[in-house]
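Both backbone and side-chain heavy atoms feed into the values below; hydrogens, waters and symmetry mates do not.
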Amino acid sequence: MEIFQWPHLNLLFSSMLIVVVLAADPYSDALLSFKSEIIDPFHNLDDWLEPNSGNPSGKVHACSWSGVKCDNNSTIVIGLNLSTKKLAGKLPGKQFSVFTELVELNISQNSFSGEIPVEIFNLTNLRSLDISRNNFSGHFQGGVTGLQNLVVLDAFSNSFSGPLPVELSKLEFLKVLNLAGSYFSGPIPSAYGFFKRLEFLHLAGNFITGNIPPELGNLQTVTHMEIGYNSYEWNIPWQLGNMSELQYLDIAGSNLSGSIPKQLSNLTKLQSLFLFRNQLTGLIPWEFSRILALTNLDLSDNFISGPIPESFAELKNLRLLSLMYNEMNGTVPDGIAELPSLDTLFIWNNFFTGSLPRNLGKNSKLRWLDVSINSFIGSIPPHICAGGELFKLIMFSNKFTGNLSPLSNCSSMVRIRLEDNSFSGEIPLTLSHLPDVSYIDLSRNKFTGGIPSDISQASKLQYFNVSNNPELGGLIPEETWSLPLLQNFSASSCNISGNLPPFKSCRSMLAVELQKNNMSGVVPKSVSHCRALEIINLASNQLNGHIPDELASLPALSVVDLSHNNFSGSIPAEFGKSTNLLLLNVSYNDISGAIPSEKVLQSMGRSAYVGNRELCGAPLRSCSASMSIFGSKGTGKLRLVLLLSAGVTILIAALLFWLVYLRKGNKGQWKMESFIGLPQFTANDVLRSFSSADSMEKLPPLSAAVCKAVLPTGITVLVKKIEWEPKRMKVAIEFITQMGNARHRNLIRLLGFCYNNHMAYMLYDYLPNGNLADKVTMPRDWSTKCRIITGIARGLCFLHHDCNPAISHGGLNSSTIVFDDNFEPRLADFGFKYLIEFIKGRSSEAIKDELYMDIYRFGEIILEILTNGRLTNGGEIVQSKPQDVVLREMYSENEATDDSANSLQDEIKQVVDVALLCTRSRPADRPSMKDALKLFSGLKGQGKQ
């Protein structure tokens with residue numbers, strides 16, 4: 001009996017041993033439990049598996065798992081690094097009670113949400129806690145003082161709210177504190193000035209208010225402090241000048257006012273100082289010259305006045321000097337040109353005068369110079385390219401003179417903008433020596449000698465503009481159109497002669513503007529190669545021959561101006577088949593025959609066809625009338641009798657109308673005015689489409705909202721109602737007429753209006769494809785988003801810059817952006833708010849404010865599109881966050897977080913930069929819509945422009 005019992009005892013003992021061994025590995029059990037409570041959609045923790053057998057060695061099985069760090073004996077877990085594993089869900093807390101020896105916990109760059117579990121604060125040995133780049137929310141939990149050995153706390157880019165946790169100041173070993181990029185509110189606790197060992201403090205991009213506590217000046221160990229992108233009150237405390245170890249200080253975008261305290265010059269170790277985008281006033285302290293370590297100084301976008309201190313010549317380490325968007329004046333000190341490290345100088349949009357220092361560029365490797373929108377005179381410094389690295393030279397809108405000889409050897413140049421000056425002489429740019437140049441604007445100067453003959457060698461050129469150089473002369477170089485990336489070529493008002501060169505290859509060309517020159521010859525049929533061409537303006541030249549069918553057949557063509565030339569023959573019928581054509585102007589030529597009957601051509605208006613004696617058909621006289629009255633067989637006597645008879649008939653009709661009008665007591669008959677694409681209905685025709693009644697009094701009142709109506713021919717239109725006092729009718733009609741003549745592919749068409757002395761019904765194209773508000777949450781690829789954004793920009797740019805006077809949209813939002821059948825965005829309701837205010841007699845200053853507001857709302861719409869509708873009215877939000885936080889969010893929203901998405905990230909950054917510029921708080925600091933549209937140049941995702 002006893003013999004058979006021993007095997008059973010052996011088995012029992014072995015089982016107990018396994019249980020003991022397994023129970024001795026609580027770390028693995030805790031981590032498996034942790035894994036079971038979170039979301040791991042990409043299976044990055046798939047190697048966290050239960051052991052298949054016992055662990056007789058006593059080592060922790062989890063030591064072999066990804067992200068788990070153990071001591072040398074593999075018996076204790078001392079670190080967890082789960083960063084960038086795309087984990088999500090609410091972070092569990094109960095398992096942390098096991099990890100009493102944990103030194104490092106890193107769960108950054110995941111998608112954890114909810115509140116931070118308080119159990120983490122019981123990890124008394126923890127030295128580094130990184131929870132950055134997640135979506136934790138709520139107040140920062142109390143009890144953080146339990147982390148008595150903590151050295152690093154990184155909570156960057158989350159969604160925390162409430163006050164900043166005061167008790168953090170009690171962590172005596174803390175060296176790094178990063179609470180940036182959340183929604184913390186209230187003031188910075190004055191206790192934050194009493195950290196004993198803190199070296200890095202980052203609180204930027206929250207909703208922090210109140211004064212910056214002067215106690216921060218007590219932080220004698222801090223080397224890096226970023227507290228910008230908040231909404232502080234008052235000024236910069238002078239006590240910050242006591243932070244003797246400080247090397248990096250950023251308080252940008254923070255609503256600060258007052259002057260810059262000269263005590264900051266005591267920060268002799270400071271390398272970077274960023275105070276841009278505030279409301280700082282006064283002079284730049286000359287004492288800043290004492291900060292000899294200073295490398296980057298950005299005081300842009302403030303109200304700073306006075307000159308650049310002469311003492312800045314002492315800042316031998318200065319690389320970036322940005323003073324743009326201020327109210328500074330005086331001349332640029334010669335000492336600036338002596339700085340050996342200077343590579344970027346931004347002083348645009350100030351009131352500087354005088355010449356640039358002669359030695360600028362001689363003593364440093366200057367890379368980027370922007371002095372535009374000032375009152376500089378003199379010539380380009382002769383050594384501007386001496387460093388061999390200048391790639392952006394921006395000098396437009398000044399009073400510069402002289403020639404461009406200093407630029408003859410600037411092989412590193414990428415972008416050259418010298419427009420709106422008084423430069424003269426020949427253009428000495430050897431374009432074959434500029435392999436990377438993409439943008440050249442030399443317009444509105446006094447150049448001579450023609451366009452450089454080697455322009456075709458600039459293989460990366462996208463934009464070239466020499467317009468309004470009236471003495472330029474010369475020819476269009478033969479191979480100009482062969483540039484593979486060229487999109488815009490503008491050389492209007494340049495006294496250019498000769499023929500148009502053959503369009504051998506022009507696959508990227510979007511716009512050709514050559515109006516007001518002396519060009520002759522024909523339009524080459526090879527223009528058919530320009531399949532992307534949208535705009536061609538050859539007006540006011542001496543071109544002849546027939547208008548080629550190949551031009552009329554281009555699929556993207558929207559604007560064609562051939563007026564004031566010597567073209568003959570008929571108008572190609574292919575123009576009538578175009579779905580994109582908005583403007584065709586062939587006036588004042590020798591064109592004959594009938595205007596093709598297609599609606600798009602007949603809707604252009606008389607002004608598009610006048611000055612062609614043998615041209616007939618709507619909207620000109622009918623071709624039959626032309627033949628009977630003015631035909632070659634009619635006698636002069638008969639023509640005279642017929643003309644006199646017609647005149648008498650018109651006079652009698654006018655008198656009868658006048659008598660009837662007086663008898664009715666001027667109570668307001670209904671009238672009809674038609675614009676593009678609407679047949680000539682009577683007012684009663686339109687009114688009957690609203691109701692069976694013939695008079696206004698019997699019509700049901702329309703709400704302020706747009707309603708739909710079907711006209712007698714079956715055309716569906718949208719109708720909007722506007723009312724006015726009789727004395728304001730004239731100005732109202734004038735402005736509605738201007739709105740109706742505003743034709744652009746990204747505007748909804750105002751077809752006409754039916755009106756009397758008191759009101760009008762405005763008739764618009766009906767587009768049944770919905771608006772942006774309905775579709776913004778739908779996932780879109782980057783190319784589609786770009787096309788929508790740039791389409792909106794082009795529509796606004798047309799209203800602001802191509803309409804005279806400018807028209808503000810006045811109500812831009814995602815609901816007023818509708819889509820046509822090609823999913824091209826069109827702006828609806830443009831000018832309607834302006835019309836209401838115009839009727840009320842508001843001043844032009846109010847209209848100017850509306851133009852600025854359009855730009856701001858455009859910036860917000862960009863953000864709404866980029867975030868798939870998540871961020872509405874987001875201007876203030878993004879301005880309050882650091883740019884890198886905003887970019888990270890945008891990369892994530894647009895699936896561009898991988899390292900392989902660098903080119904996509906570059907484009908997203910380019911678009912975000914425009915949004916940030918457009919949503920600046922000061923209206924005058926926002927770019928014009930023309931400049932905003934230019935900033936989109938080079939986007940591969942934007943499609944056709």
Side-chain angles (χ1 to χ4, degrees), residues 331-332 334 336-337 345 347-348 352-363 366-458 461 463-477 480 489-497 517:
T331 60
V332 178
D334 288 339
I336 295 297
L345 178 60
I347 54 175
W348 54 287
F352 290 115
T353 56
S355 300
L356 293 176
R358 178 175 175 79
N359 288 334
L360 189 62
K362 182 178 181 180
N363 300 299
L366 195 62
R367 302 186 70 246
W368 192 341
L369 175 66
D370 194 336
V371 299
S372 55
I373 317 179
N374 281 286
S375 296
F376 286 114
I377 60 173
S379 58
I380 298 175
H383 309 290
I384 196 72
C385 297
E389 296 187 8
L390 186 67
F391 76 103
K392 289 189 179 181
L393 178 63
I394 318 294
M395 304 177 71
F396 65 86
S397 297
N398 279 284
K399 302 175 183 178
F400 288 113
T401 56
N403 57 45
L404 304 189
S405 57
L407 305 184
S408 58
N409 294 312
C410 287
S411 60
S412 57
M413 203 75 76
V414 172
R415 195 174 184 89
I416 305 171
R417 293 193 61 183
L418 306 178
E419 68 267 28
D420 193 18
N421 281 287
S422 295
F423 290 113
S424 58
E426 295 188 1
I427 300 173
L429 300 178
T430 306
L431 295 175
S432 58
H433 296 165
L434 297 175
D436 297 316
V437 70
S438 64
Y439 192 106
I440 299 175
D441 194 337
L442 307 177
S443 61
R444 302 195 299 281
N445 280 286
K446 300 177 182 179
F447 291 113
T448 58
I451 297 169
S453 58
D454 64 345
I455 185 174
S456 62
Q457 302 299 310
L461 190 63
Y463 182 96
F464 183 80
N465 190 349
V466 290
S467 295
N468 294 292
N469 283 279
E471 298 179 14
L472 184 65
L475 311 174
I476 303 293
T480 298
F489 183 90
S490 300
S492 60
S493 300
C494 287
N495 197 29
I496 293 173
S497 57
N517 283 294

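- Residues Pro406 and Pro381 share a closest heavy-atom pair of CB-O, 3.5 Å.
- Side-chain atoms of Thr480 and Phe464, non-hydrogen and from C-beta on, never get closer than 4.5 Å to each other.
- For the atom pair Leu393 CG and Arg367 CZ, the distance stands at 14.0 Å (nearest 0.5 Å).
- For Asn409, the CG atom sits in a loose shell: 12 or fewer heavy atoms of surrounding residues, nucleotides or ligands are nearer than 6.0 Å.
- Between Ile496 and Ala491, the closest heavy-atom pair is CD1-CB, 3.7 Å.
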Review point. Please walk me through it: do Trp348 and Ile394 pass side chain to side chain contact (heavy atoms under 4.5 Å, CB included)?
Key: CA-CA 9 Å; Trp348 54 287; Ile394 318 294; over 6 Å; no
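- Residues Phe400 and Ile380 are not in side-chain contact: their nearest non-hydrogen atoms beyond the backbone lie 4.5 Å or more apart.
- No side-chain donor-acceptor contact under 3.5 Å links Asp420 to the backbone of Phe396.
- Looking at Asn468 and Ser443, their side chains never bring a donor and an acceptor atom within 3.5 Å of each other.
- A distance of 5.5 Å separates CG of Leu366 from CG of Leu390, quoted to the nearest 0.5 Å.
- Counting heavy atoms from C-beta on, the side chains of Val371 and Phe376 come closer than 4.5 Å.
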Practice item. Go through the steps to decide whether Phe391 and Asp436 satisfy the test side chain to side chain contact (heavy atoms under 4.5 Å, CB included), and finish with yes or no. Key: CA-CA 9 Å; Phe391 76 103; Asp436 297 316; over 6 Å; no
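- Formation of a donor-acceptor pair under 3.5 Å by the Asp454 side chain with backbone atoms of Ser432 is found in this model.
- The line from OG of Ser493 to CG of Leu472 is 11.5 Å long, rounded to the nearest 0.5 Å.
- The CD atom of Glu471 lies 7.5 Å from the OG1 atom of Thr448; values are rounded to the nearest 0.5 Å.
- Residues Pro470 and Asn495 are not in side-chain contact: their nearest non-hydrogen atoms beyond the backbone lie 4.5 Å or more apart.
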Exercise for review: Could you give me the CA-CA distance, side-chain angles and deciding distance for Leu360 and Val332, then say whether side chain to side chain contact (heavy atoms under 4.5 Å, CB included) is met?
Suggested key: CA-CA 10 Å; Leu360 189 62; Val332 178; over 6 Å; no
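- Not a single side chain to side chain donor-acceptor pair (under 3.5 Å) links Asn398 to another residue, sequence neighbours left out.
- Using a 4.5 Å heavy-atom cutoff, the side chains of Ser497 and Leu475 are in contact.
- Although no hydrogens or angles enter the test, the distance criterion places no donor-acceptor pair under 3.5 Å between the side chain of Ser490 and the main chain of Asn465.
- Side chains of Phe447 and Val466 form no contact here, defined as non-hydrogen atoms less than 4.5 Å apart.
- A heavy-atom distance below 4.5 Å is not found between the side chains of Leu429 and Met413.
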**Study point:** Check against side chain to side chain contact (heavy atoms under 4.5 Å, CB included), Ile384 and Leu356
**Key:** CA-CA 10 Å; Ile384 196 72; Leu356 293 176; 5.9 Å; no
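- For Pro435 against Ser411, the heavy-atom pair with the smallest separation is CD-O, 3.5 Å.
- Between Pro477 and Ser453, the shortest heavy-atom distance links the atoms CB-O, 4.0 Å.
- Using a distance-only test at 3.5 Å, with no hydrogens or angles considered, no donor-acceptor pair links the side chain of Asn403 to the main chain of Ser424.
- For the atom pair CZ of Arg444 and OG of Ser397, the computed distance is 6.5 Å after rounding to the nearest 0.5 Å.
- Ser355 and Gly378 get closest at one heavy-atom pair: OG-CA, 3.8 Å.
- Between Leu434 atom CG and Gln457 atom CD the span is 11.5 Å, to the nearest 0.5 Å.
- For Asp370 (side chain) and Lys392 (main-chain N/O), no donor-acceptor pair under 3.5 Å exists by modelled atom type.
- Residues Asn469 and Ile427 are not in side-chain contact: their nearest non-hydrogen atoms beyond the backbone lie 4.5 Å or more apart.
- The nearest pair of heavy atoms linking Leu418 to Leu404 is CD1-CD2, 3.6 Å.
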